[in-house]
A.B. asks: 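Quick one: the structure is below, and I'll ask about it shortly.
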There are 2 protein chains.
Amino acid sequence: MKYSINEVSKKFGLSIHTLRYYDKEGLMPFLERDRTGNRVFSETDLNWISMICCLKNTGMPIKEIKQYADWCTQGMQTINERKVMLTNHRKKVLMQLEDLKKDLNLIDSKIEVYDNPELAQKMYGGLEKQ
Amino acid sequence: MKYSINEVSKKFGLSIHTLRYYDKEGLMPFLERDRTGNRVFSETDLNWISMICCLKNTGMPIKEIKQYADWCTQGMQTINERKVMLTNHRKKVLMQLEDLKKDLNLIDSKIEVYDNPELAQKMYGGLEKQ
DNA sequence: ATGAAATCTCGAGTTAACTCCAGATCGAGA
DNA sequence: TCTCGATCTGGAGTTAACTCGAGATTTCAT
């Protein structure tokens, strides 16, 4: 099964501009073209775009994703580099998860204060005057 | 207890430039100055900066944080707006948490493939040639 | 008294990640 | 054949969030 850029755009909620931008930045070095030069996306490409979205959503800069893509095209002699990169990135994602949980707790306690104004003085100095 | 901008900078890992930028953007409408015009941070200010960091880290744009700060300075007639904003933001943070967990799973499964190359063909079309 | 350290303002510069536009081309349907 | 829609490229523009630099002021230890 093959897909046009428009179909991929809709599938991932990425604009066509963004997909072309990713390609231009070297994130999809393996993308094929039809005889008129249009991009043709395969299932493999869709899976790789999922991975791009995953890495992007977890804060990896595009240059680093490109590095990973480049390593992938270079074959098995780069397996270790790729594994190290992903393992380091995994640690960052774990920290993001922890941070996000703490942030959620802080937001929850703020909301609780709005629900129970009598708690206000226990809170953060009380910037939120009630 | 009062703090200089330098102390606050170190406490939060925000640059002095960033703190002044936040102030300029209206994120700290309550900040006091000493007689020579230097910013003086109180405990309340530190707690509010924690909240700024929390909202910023969870993806709230600075303009929206400013809106919240403005509502805070307007007193209790804006309590409902503030509560609605935080409640909506909370939903987004919950979604971020879910997304982050999914992304972590994907990264984990990738790493697992690198640890067990024989799993490779089960994975994502196998862009990562091994 | 003086030189260093910390702060200030204003405004310009930077970076990442898009986002858009103009002009060209190609393939399919009336 | 003509036109419409989808795609292409190259390059310029945008936006958010900083980041920096110049020049001025104040404070404080020697």
Side-chain angles (χ1 to χ4, degrees), chain A residues 1-42 45-46 49 51-70 89 92 96 99 103, chain B residues 2-42 45-46 48-49 51-70 89 92 96 99 103:
Chain A
M1 189 59 183
K2 301 293 182 176
Y3 304 88
S4 71
I5 196 168
N6 186 44
E7 290 168 321
V8 176
S9 165
K10 281 169 185 156
K11 237 178 239 288
F12 286 93
L14 299 171
S15 77
I16 290 178
H17 290 307
T18 299
L19 286 167
R20 287 204 273 248
Y21 165 68
Y22 287 170
D23 189 20
K24 187 159 58 174
E25 292 300 301
L27 262 50
M28 308 174 184
F30 46 91
L31 239 193
E32 305 209 328
R33 305 295 185 108
D34 65 16
R35 69 200 164 294
T36 72
N38 289 9
R39 291 171 183 82
V40 177
F41 296 79
S42 67
D45 296 330
L46 299 198
I49 293 172
M51 188 64 184
I52 290 176
C53 291
C54 166
L55 295 175
K56 183 182 64 101
N57 292 341
T58 51
M60 185 181 285
I62 279 176
K63 280 185 185 174
E64 209 170 328
I65 301 176
K66 174 180 161 44
Q67 173 65 271
Y68 186 82
D70 287 346
H89 188 62
K92 292 183 193 162
Q96 287 179 49
D99 290 347
D103 290 337
Chain B
K2 302 292 182 178
Y3 305 88
S4 71
I5 196 168
N6 186 43
E7 290 168 319
V8 176
S9 165
K10 281 170 184 155
K11 238 180 237 291
F12 285 94
L14 299 171
S15 78
I16 290 178
H17 288 306
T18 299
L19 286 167
R20 287 203 274 249
Y21 165 68
Y22 286 170
D23 189 21
K24 186 160 60 176
E25 292 299 302
L27 262 49
M28 307 174 184
F30 46 92
L31 239 193
E32 305 209 326
R33 304 294 185 111
D34 65 16
R35 69 200 164 296
T36 70
N38 289 8
R39 291 171 184 82
V40 177
F41 296 80
S42 68
D45 296 327
L46 299 197
W48 171 237
I49 293 171
M51 188 65 182
I52 290 177
C53 290
C54 166
L55 295 175
K56 185 181 64 98
N57 291 342
T58 52
M60 186 181 285
I62 279 175
K63 281 186 184 173
E64 209 170 329
I65 302 176
K66 173 178 162 45
Q67 173 66 271
Y68 186 82
D70 287 346
H89 189 62
K92 292 182 194 164
Q96 287 178 49
D99 290 346
D103 289 337

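Throughout, protein chains are lettered first and strands after them, A, B, ... in sequence-line order, and every chain is numbered starting at 1. Computed from heavy atoms alone, side chains included, the values below leave out hydrogens, waters and symmetry copies.
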A.B. asks: Please report, rounded to the nearest Å, how far the P atom of D/dC28 is from the CG atom of B/D34.
C.D. replies: 11 Å
A.B. asks: Closer than 4.0 angstrom, basic N to acidic O: yes or no for A/D23 and A/R33?
C.D. replies: yes
A.B. asks: Taking atom P of C/dA6 as reference, at what distance in whole Å does atom CG of B/N6 sit?
C.D. replies: 7 Å
A.B. asks: So, is A/R39 close to the D/dT9 phosphate, meaning a side-chain N or O under 4.0 Å from OP1 or OP2?
C.D. replies: yes
A.B. asks: After noting the C-alpha distance and the side-chain angles of A/I49 and A/Y22, does the key distance pass the side-chain contact (heavy atoms from CB on, under 4.5 Å) rule?
C.D. replies: CA-CA 10 Å; A/I49 293 172; A/Y22 287 170; over 6 Å; no
A.B. asks: Do the non-hydrogen side-chain atoms of B/V8 and B/L19 ever get within less than 4.5 Å of each other?
C.D. replies: yes
A.B. asks: Output the rounded distance in Å from CD (B/E25) to C1' (C/dT9).
C.D. replies: 15 Å
A.B. asks: Return the value, rounded to whole Å, for the distance between atom NZ of B/K10 and atom C1' of C/dA6.
C.D. replies: 11 Å
A.B. asks: Check the surroundings of atom CD in A/E32: do more than 12 heavy atoms from other residues, nucleotides or ligands lie under 6.0 Å from it?
C.D. replies: no
A.B. asks: A/I5 has an atom CD1; how far is it from atom P of D/dG5, in whole Å?
C.D. replies: 19 Å
A.B. asks: Output one letter per nucleotide in nucleotides 12-26 of chain D: B when a protein non-hydrogen atom lies under 4.0 Å from the base, S when only the sugar-phosphate is that close, - when neither is.
C.D. replies: -----BBBB-----S
A.B. asks: For C/dT25, take OP1 and OP2 only and decide whether either is under 4.0 Å from a side-chain N or O of A/R35.
C.D. replies: no
A.B. asks: For the residue pair B/W48 and B/Y68, categorise the inter-ring angle as parallel (less than 30°), tilted (30 to 60°) or perpendicular (more than 60°).
C.D. replies: parallel
A.B. asks: Can you tell me how far P of D/dT7 sits from CG of A/D23, to the nearest Å?
C.D. replies: 14 Å
A.B. asks: Within this structure, what is the CD1-to-C1' distance between A/I16 and D/dT9, rounded to whole angstrom?
C.D. replies: 15 Å
A.B. asks: Quiz question: by atom type and distance under 3.5 Å, do the side chains of A/N6 and A/S4 form a donor-acceptor pair?
C.D. replies: no
